Amino acid sequence: MVQHRVGYAPGVYDLFHVGHLNILRHARSQCDYLVAGVVSDEMAALAKGHTPVIPLRERLEIVRSVRFVDAAFVETVPDKVETWQQVRFDVIFKGDDWRGTEKGLKLERDFAEVGVEVVYFPYTVHTSSTQLRRALDVLVSRPGALSAP
């Protein structure tokens with residue numbers, strides 16, 4: 001029997017950009033089957049302090065449409081091991097902004113206990129949803145911004 005390596009790439013995937021695409025492309029190159037975990041609005045608010053700009057249903061549809069993604073899963077719990085119990089992946093992919101941090105080290109410890117590998121990919125520094133959100137906030141705060149001509 002051939003063993004398939006299942007990968008899991010969690011993210012909010014708000015304001016989908018090239019950094020998201022890069023993570024999914026790199027993740028798919030290191031597994032046979034890729035599941036993208038799309039973080040729910042509630043979990044995103046807990047983790048980031050604000051809800052996503054793009055509604056969950058639309059973020060899920062966008063991520064499912066990416067050719068590197070075999071399946072998309074709505075992540076509704078903050079504990080990644082609990083998510084693993086539902087999805088059963090062999091490797092989890094995170095941006096390298098997690099590497100060496102308290103949350104990254106905890107992730108590594110928790111997954112070592114169940115035999116899941118943690119793989120970090122380069123964080124796309126020049127583009128992030130946070131930067132895009134800030135740019136939108138600036139545009140919206142200007143008088144007459146984004147109003148119809």
Side-chain angles (χ1 to χ4, degrees), residues 6-31 33-89 91-112 114 116-149:
V6 177
Y8 186 68
V12 177
Y13 299 108
D14 194 23
L15 302 171
F16 197 88
H17 55 76
V18 73
H20 296 134
L21 188 61
N22 287 340
I23 288 277
L24 296 171
R25 177 186 300 117
H26 293 311
R28 186 61 173 83
S29 75
Q30 294 196 23
C31 62
Y33 188 87
L34 179 62
V35 178
V38 180
V39 176
S40 71
D41 292 346
E42 297 77 18
M43 288 298 102
L46 275 177
K48 303 218 178 228
H50 55 77
T51 57
V53 173
I54 307 299
L56 174 62
R57 186 176 72 250
E58 293 177 21
R59 291 183 287 119
L60 194 58
E61 185 175 339
I62 290 165
V63 170
R64 278 187 177 139
S65 298
V66 174
R67 69 180 173 144
F68 308 113
V69 174
D70 295 296
F73 173 85
V74 177
E75 195 174 292
T76 59
V77 294
D79 182 0
K80 297 288 189 239
V81 174
E82 193 173 329
T83 298
W84 171 79
Q85 290 169 342
Q86 297 171 11
V87 179
R88 294 296 175 160
F89 45 86
V91 57
I92 185 169
F93 303 102
K94 293 298 291 177
D96 66 2
D97 55 321
W98 276 56
R99 186 191 311 265
T101 66
E102 187 177 321
K103 61 186 178 181
L105 294 171
K106 179 182 181 335
L107 191 74
E108 292 171 24
R109 282 191 307 272
D110 291 349
F111 278 123
V114 294
V116 171
E117 181 183 2
V118 178
V119 172
Y120 296 102
F121 290 132
Y123 184 75
T124 307
V125 179
H126 63 276
T127 305
S128 76
S129 296
T130 301
Q131 290 172 325
L132 292 172
R133 181 185 272 274
R134 284 187 195 132
L136 284 173
D137 287 345
V138 167
L139 287 173
V140 171
S141 69
R142 290 183 184 160
L146 303 178
S147 60

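From a predicted model like this one, the values you see are computed outputs, not experimental measurements.
- Checked for salt-bridge contact, Asp70 and Arg28 meet the test: a charged N lies under 4.0 Å from a carboxylate O.
- Once rounded to the nearest 0.5 Å, the distance linking CG of Leu107 with CD of Glu102 reads 12.5 Å.
- Atom-to-atom distance recorded for Ile62:CD1 and Tyr13:OH is 12.5 Å, nearest 0.5 angstrom.
- For the pair Ser40 and Glu75, the minimum side-chain heavy-atom distance is 4.5 Å or more.
- Between Asp41 and Arg59 there is a salt bridge, since at least one side-chain N of the basic residue sits less than 4.0 Å from a carboxylate O of the acidic one.
- Between Lys48 and Val12 the shortest side-chain heavy-atom distance falls below 4.5 Å.
- Going from atom CG of Leu60 over to atom CD1 of Ile54 covers 13.5 Å, rounded to the nearest 0.5 Å.
- The CG atom of Leu105 lies 11.5 Å from the NZ atom of Lys103; values are rounded to the nearest 0.5 Å.
- In this structure, Tyr8 and Phe73 have perpendicular ring planes: the angle between them is above 60°, well past the 30° mark.
- Two residues are said to be in side-chain contact when any heavy atoms from C-beta on lie closer than 4.5 Å; Trp84 and Phe111 meet this criterion.
- For Glu61, the CD atom is loosely surrounded, since the number of other residues' heavy atoms within 6.0 Å does not exceed 12.
- Of all the heavy atoms in Phe93 and Gly7, the pair that sits closest is CE1-CA, 3.7 Å.
- Looking at every heavy atom in both residues, Leu34 comes nearest to Leu24 through CD2-O, 3.6 Å.
- Considering Glu108, Lys94, Arg99 in turn, Glu108 is the only one that fulfils the side-chain hydrogen bond (donor to acceptor under 3.5 Å, both in side chains) rule with Tyr120.
- Here the OG1-CG distance, from Thr51 to Leu46, works out to 11.5 Å after rounding to the nearest 0.5 Å.
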Start with the C-alpha distance between Phe121 and Val119, add both sets of side-chain angles, then the distance that settles side chain to side chain contact (heavy atoms under 4.5 Å, CB included), and finish with yes or no.
-> CA-CA 7 Å; Phe121 290 132; Val119 172; 4.0 Å; yes
Please test Lys80 against Ile92 for side chain to side chain contact (heavy atoms under 4.5 Å, CB included), starting from the C-alpha separation and ending with a verdict.
-> CA-CA 9 Å; Lys80 297 288 189 239; Ile92 185 169; 4.3 Å; yes
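- Within 6.0 Å of CZ on Arg88 lie more than 12 heavy atoms contributed by other residues, nucleotides or ligands.
- With contacts defined as side-chain heavy-atom distances shorter than 4.5 Å, the pair Val66/Phe16 qualifies.
- Side-chain atoms of His26 never come within 3.5 Å of backbone atoms of Ile23 as a donor-acceptor pair (strictly under, hydrogens ignored).
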